[in-house]
S.K.: 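Just dropping this structure here.
Below, each value reflects all heavy atoms present in this structure, side chains not excepted, and no hydrogens, waters or symmetry copies. This one's a predicted model, so the numbers in the text were calculated from it and none came from an experiment.
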Amino acid sequence: MPKSSLNRVAGILSALIFLAPCFDVAARAQAAAVPPPTADTAAAQGASLIQAAIALIAAKNLDGAKTQLDQAQALSPDQKLYWATSGNLLLKRGQKAEALAAFRKELARYPGETVMYRSIVDTQFALQQRKEAIATLHDWAVADSSDPLPASKLMALLVEDGNSAAAVKEGKDALLRLPEQLRKDDRLQVELGRAEILAGDKASGIKLIHAVLGRTDNAAMADNAAYVLADSGADLATAEKVTRDNLKVMAATSST
């Protein structure tokens, strides 16, 4: 190679060596300008993917929902609503036992999400796990002092099982936990009244039922309360009157 060409090559190499640190600094600056995803960013992306999965489940695109959930878990393991949504997906696929396990995982990681108790109870009944469902309803009633529903359902099941005394105890315990404005919940009072009547305290039970009949404007609730009085033989006259009044209302409504 001619000496002039060698000189040119040497000059280029020298220039590259001289500029290398500059390129290195520029590369590092560029990398610093694009930081790696933070935990908060990953959580936000995971939450978005889970919402997309929920929409896909509603649209019956179960495979698409599974893909979104897998991506969410990879980004942010144990993301809130991940296990709950996975449980709903498993239910859609008929995998009830696996769905129940998923619902339990969601509740274990987020104990404040008491809405998960409903999913657990419903799935237990679907799996014919009545005894386990009763235990879950008790836990639900204790965990959520702002909802009279679990105590009402629990009392109804205990009465059906012939355990009226236990139903009365559950109902009275619930009244101690619930805020004052929810203690007169009609369904709760009717179930407690029925349990008391069947447990032998007819006077107290009838009083509760009469109080509900005196204030409710819900025909179905009134009919339910009247049925309790009739079924237990506690107050047939009131039961008949309420039933006849409801029939008159139904007749007037149907005529128009």
Side-chain angles (χ1 to χ4, degrees), residues 39-161 163 166-167 169-171 173-174 176-179 182 185 187-188 191:
D40 289 343
T41 302
Q45 292 174 350
S48 179
L49 289 165
I50 289 170
Q51 291 302 316
I54 292 171
L56 289 170
I57 291 172
K60 300 181 180 180
N61 184 351
L62 304 187
D63 290 339
K66 181 64 166 61
T67 298
Q68 298 294 309
L69 287 172
D70 288 345
Q71 292 177 7
Q73 189 182 41
L75 270 172
S76 180
D78 292 332
Q79 174 79 23
K80 190 174 183 179
L81 291 182
Y82 168 77
W83 289 110
T85 308
S86 295
N88 289 331
L89 176 60
L90 289 164
L91 277 182
K92 293 291 185 180
R93 288 180 163 168
Q95 297 172 261
K96 297 174 185 175
E98 294 83 353
L100 178 58
F103 292 143
R104 287 193 178 281
K105 286 181 180 179
E106 181 77 24
L107 184 61
R109 285 159 175 75
Y110 301 97
E113 294 300 305
T114 54
V115 69
M116 293 311 306
Y117 282 105
R118 183 190 294 269
S119 298
I120 292 171
V121 169
D122 289 345
T123 308
Q124 285 172 326
F125 274 118
L127 289 167
Q128 299 183 349
Q129 297 178 359
R130 183 185 179 88
K131 182 178 178 181
E132 292 80 357
I134 287 175
T136 302
L137 281 168
H138 170 79
D139 293 343
W140 181 7
V142 172
D144 189 356
S145 60
S146 64
D147 189 355
L149 176 64
S152 301
K153 291 175 71 69
L154 177 57
M155 282 191 288
L157 290 172
L158 289 172
V159 167
E160 288 174 11
D161 289 348
N163 201 348
K169 182 179 185 307
E170 291 289 351
D173 287 349
L176 294 176
R177 291 189 300 265
L178 289 167
L182 293 177
D185 176 80
R187 180 174 179 177
L188 180 71
E191 292 298 343

S.K.: Kindly say whether Q73 contributes a backbone atom to a donor-acceptor pair with the side chain of Q79 at under 3.5 angstrom?
M.R.: no
S.K.: Locate the shortest heavy-atom distance separating A141 from A151; write the atom from each residue and the value.
M.R.: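 Taking every non-hydrogen atom into account, CB-N, 4.1 Å.
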S.K.: Looking at residues at least two apart in the chain, or sitting in another chain, which of them share a side chain to side chain donor-acceptor pair (under 3.5 Å) with Q129?
M.R.: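 If we apply the side chain to side chain donor-acceptor pair (under 3.5 Å) test to Q129, skipping adjacent residues, there are no hits.
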S.K.: Could you tell me which non-hydrogen atom of A167 sits nearest to which non-hydrogen atom of V159, and how far apart they are?
M.R.: CB-CG2, 3.8 Å
S.K.: Taking side chain to side chain contact (heavy atoms under 4.5 Å, CB included) as the test, write out the residues that go with A156, two or more places apart.
M.R.: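 Side chain to side chain contact (heavy atoms under 4.5 Å, CB included) list for A156, sorted by chain: E191, R194.
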S.K.: Applying side chain to side chain contact (heavy atoms under 4.5 Å, CB included), name anything that partners A99, two or more places apart in sequence or on another chain.
M.R.: L90, L91, F103
S.K.: According to salt bridge (charged side-chain N to carboxylate O under 4.0 Å, His left out), who are the partners of D161, at least two apart in sequence or on a separate chain?
M.R.: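 For D161, the residues satisfying salt bridge (charged side-chain N to carboxylate O under 4.0 Å, His left out) (neighbours in sequence not counted) are R130.
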S.K.: Rounded to the nearest 0.5 Å, what separation is found between the CZ atom of R104 and the OG1 atom of T136?
M.R.: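 Here the rounded value is 5.0 Å.
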S.K.: Taking all atoms of both residues into account, what is the closest heavy-atom pair of A84 and E106, and its distance?
M.R.: N-OE1, 3.0 Å
S.K.: Quick one: list whatever passes side chain to side chain contact (heavy atoms under 4.5 Å, CB included) with D70, sequence neighbours left out.
M.R.: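 Checked D70 against side chain to side chain contact (heavy atoms under 4.5 Å, CB included); matches are K66.
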S.K.: Can you list everything that forms a side chain to side chain contact (heavy atoms under 4.5 Å, CB included) with I54? Sequence neighbours excluded, please.
M.R.: I50, Q51, T85
S.K.: Applying salt bridge (charged side-chain N to carboxylate O under 4.0 Å, His left out), name anything that partners K80, two or more places apart in sequence or on another chain.
M.R.: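 Result, salt bridge (charged side-chain N to carboxylate O under 4.0 Å, His left out) vs K80: E113.
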S.K.: Closer than 4.0 angstrom, basic N to acidic O: yes or no for D122 and R118?
M.R.: no
S.K.: Quick one: CG on L157 to CG on L137, what's the gap to the nearest 0.5 Å?
M.R.: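 Separation between the atoms: 6.0 Å.
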S.K.: Could you state the interatomic distance from CZ (R177) to CG (L182), rounded to the nearest 0.5 Å?
M.R.: 12.5 Å
S.K.: Tell me the salt bridge (Lys or Arg N to Asp or Glu O under 4.0 Å) pairs involving residues 42-60, sequence neighbours left out?
M.R.: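 Found none.
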S.K.: Return the CD to CG distance between Q45 and L49, rounded to the nearest 0.5 Å.
M.R.: 7.5 Å
S.K.: What heavy-atom pair brings L69 and S86 nearest, and what distance separates the two atoms?
M.R.: CD1-OG, 3.8 Å
S.K.: Can you confirm whether L158 sits close enough to M155 that some side-chain heavy atom of one is under 4.5 Å from a side-chain heavy atom of the other?
M.R.: no
S.K.: Side chains of D147 and T114, heavy atoms from C-beta outward: is any pair under 4.5 Å?
M.R.: no
S.K.: Name all residues meeting the salt bridge (charged side-chain N to carboxylate O under 4.0 Å, His left out) criterion together with R93; count only those two or more places apart in sequence or in a different chain, and write none if there are none.
M.R.: D63
S.K.: With a 4.5 Å heavy-atom cut-off, do L178 and D185 have their side chains touching?
M.R.: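 They are not in side-chain contact.
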S.K.: Run the salt bridge (charged side-chain N to carboxylate O under 4.0 Å, His left out) test against E98 and tell me which residues pass, sequence neighbours left out.
M.R.: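 None.
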S.K.: For A53, does its backbone N or O pair with a side-chain atom of Q68 as donor and acceptor, under 3.5 Å?
M.R.: no
S.K.: Just how far is it from atom CE of M116 to atom OH of Y110, taken to the nearest 0.5 Å?
M.R.: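 M116 atom CE to Y110 atom OH measures 12.0 Å (nearest 0.5 Å).
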S.K.: For N163, give me all partners under side chain to side chain donor-acceptor pair (under 3.5 Å), at least two apart in sequence or on another chain.
M.R.: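 Counting only residues at least two positions away or on another chain, N163 forms no side chain to side chain donor-acceptor pair (under 3.5 Å).
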S.K.: To the nearest 0.5 Å, tell me how far N88 CG sits from S119 OG.
M.R.: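 Here the interatomic distance stands at 6.0 Å.
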S.K.: Once side chain to side chain donor-acceptor pair (under 3.5 Å) is applied, do any residues pair with W83, and if so which ones, sequence neighbours excluded?
M.R.: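 Per chain and number, W83 pairs via side chain to side chain donor-acceptor pair (under 3.5 Å) with D78.
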S.K.: If every non-hydrogen atom of P179 is compared with every non-hydrogen atom of S146, which pair is closest and at what distance?
M.R.: CD-CA, 4.5 Å
